[in-house]
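Have a look at the structure below, then the notes.
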Amino acid sequence: MPVTRYKLIAAGPPVAGNTAMLGSNTITGIRHVHVTGVAKTAGILSNWVVPNEIICGRLGRVLGLPVPPGCVVTVEGVIPGSPPGCVVTDAGTLHYVSLDFNVSGQELAPVNARAFVAHDPSLASRLVVFDAWVLNADRHERNVFFDLTTGLIQVFDHGHALFGPGPYVEPALEEQRTSLDLSKHVVPPYLTHLDGLKRGIERVQALPRFVVEDAVAAAVGTGITDIEGAFCVDFLMDRAQRLPELFKTADHARFTGVTPELWKAF
């Protein structure tokens, strides 16, 4: 798998300082670097962006999906290097920051979904399963990146998954417990078999409960409470077991390359 390179804007000397004066034993290979990230915070149309990104990012990476690493930060006042008078209007609020893999700085092209599926049908299928599990109905052509030349793949933007835009966590999850919405997903039209979906479901169902608990616990205090987090864990564990039936009985119109016979044997 290609190595993901993130956008570097500055690199300092080794942390140990002047190694020539301090001796060879101080050479650590560690230095301070500055990389760029893409920051998101809650807004009028999306109350739960930060916890959604935390939970989905952690679970996606555990499942082997190429989701960029991220962290939570608080942006305060004026950002160093900003133009004079530029003040952060949402200062003091939590932001979810994912590392910026767009090293060119140019606008990312929409994914060639057909080429993506042809390049790695297993990963593409697992992405469909993951999005079905975490209620991500927003997997369009601009939140999957696939470089035809290098084979690099990145999947990102889970701000509208799980709890959706709000306003309440538990009703948002409960409303979707028995539904599967892949009507806008970019991958299904190019799948021709269901073996990848089956293996993806097996991976999700094999996750120990503590993995899900840890992912959700990391989001408690960033927009959801302990009680809401516990409900989310129970929901995800239950939904993992429901996935085979949800896929089998869902609207298959988007899976144009999969025959009805394959669905009957699913």
Side-chain angles (χ1 to χ4, degrees), residues 1-9 34-43 45-73 75 94-117 119-165 181-188 190 200 203-204 212 215-216 218-219 222-223 236:
M1 181 176 291
V3 175
T4 304
R5 290 174 171 80
Y6 295 97
K7 194 168 184 179
L8 179 70
I9 60 173
H34 299 271
V35 294
T36 61
V38 180
K40 301 164 118 182
T41 190
L45 300 178
S46 49
N47 294 333
W48 314 112
V49 164
V50 175
N52 285 342
E53 291 283 2
I54 292 171
I55 297 169
C56 292
R58 286 186 171 232
L59 292 177
R61 287 189 293 276
V62 167
L63 290 167
L65 297 177
V67 181
C71 62
V72 177
V73 302
V75 179
L94 294 180
H95 290 66
Y96 181 83
V97 181
S98 58
L99 288 184
D100 186 1
F101 61 87
N102 183 7
V103 295
S104 71
Q106 303 296 316
E107 182 179 2
L108 295 176
V111 69
N112 182 332
R114 185 188 297 276
F116 165 49
V117 175
H119 174 78
D120 197 336
S122 174
L123 176 59
S125 296
R126 287 187 281 120
L127 179 60
V128 173
V129 171
F130 173 71
D131 287 331
W133 183 38
V134 299
L135 304 175
N136 184 25
D138 192 39
R139 184 67 67 193
H140 51 75
E141 62 183 7
R142 289 195 175 274
N143 54 27
V144 180
F145 174 77
F146 172 54
D147 189 318
L148 286 163
T149 303
T150 65
L152 178 66
I153 300 167
Q154 294 279 269
V155 297
F156 52 96
D157 191 4
H158 302 98
H160 290 104
L162 281 175
F163 316 128
D181 182 8
L182 298 171
S183 60
K184 298 179 182 178
H185 205 290
V186 70
V187 168
Y190 304 104
R203 280 198 182 198
V204 172
V212 179
V216 175
T222 68
L236 286 170

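Computed from a predicted structure; not experimentally measured. Heads up: numbering here begins at 1 and tracks the sequence.
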Could you tell me if the side chain of [Y] sits less than 4.5 Å from the side chain of [X], heavy atoms only?
X: Thr41; Y: Val49; value: no
X: Cys56; Y: Leu162; value: yes
X: Tyr96; Y: Thr222; value: no
X: Val187; Y: Arg139; value: no
X: Arg142; Y: Asp157; value: no
X: Val50; Y: Ile54; value: yes
X: His140; Y: Val186; value: no
X: Leu59; Y: Leu236; value: yes

For [X] and [Y], work out which heavy atoms get closest and say how close.
X: Ala137; Y: Lys184; result: O-CB, 3.9 Å
X: Ala113; Y: Tyr190; result: CB-CE1, 3.5 Å
X: Phe101; Y: Phe156; result: CZ-CE2, 3.6 Å
X: Leu148; Y: Ala115; result: CD2-CB, 3.5 Å
X: Ala161; Y: Val134; result: CB-O, 3.5 Å

Option from Val117, Val144, Ile153 for which side chain to side chain contact (heavy atoms under 4.5 Å, CB included) with Leu127 holds = Val144
task = Check the angle between the aromatic planes of Trp48 and Phe163 and answer parallel, tilted or perpendicular using the 30° and 60° thresholds.
result = perpendicular
Crowding at CZ, Arg114 (>12 non-hydrogen neighbours, <6.0 Å) = no
task = Decide side chain to side chain donor-acceptor pair (under 3.5 Å) for Asp120 and Ser122; before the verdict, give the C-alpha distance in whole Å, the side-chain angles of both, and the deciding distance to 0.1 Å.
result = CA-CA 5 Å; Asp120 197 336; Ser122 174; 4.7 Å; no
Could you state the interatomic distance from [atom1] ([X]) to [atom2] ([Y]), rounded to the nearest 0.5 Å?
X: Leu8; Y: Leu99; atom1: CG; atom2: CG; result: 11.0 Å
X: Leu152; Y: Thr4; atom1: CG; atom2: OG1; result: 4.5 Å
X: Glu141; Y: Asn143; atom1: CD; atom2: CG; result: 9.5 Å
X: Leu123; Y: Leu63; atom1: CG; atom2: CG; result: 11.0 Å
X: His160; Y: Glu53; atom1: NE2; atom2: CD; result: 9.5 Å
X: His119; Y: Asn112; atom1: NE2; atom2: CG; result: 12.0 Å

message = Run Asp100 and Ser98 through side chain to side chain donor-acceptor pair (under 3.5 Å) and show every step you take.
response = CA-CA 6 Å; Asp100 186 1; Ser98 58; over 6 Å; no
request  = Name all residues meeting the side-chain hydrogen bond (donor to acceptor under 3.5 Å, both in side chains) criterion together with Asn136; count only those two or more places apart in sequence or in a different chain, and write none if there are none.
outcome  = Asp131
inquiry  = My understanding is that only residues two or more places apart in sequence, or in another chain, count here; which of them pass ring pair (Phe, Tyr, Trp, His ring centres under 6.0 Å) with Phe130?
reply    = His158
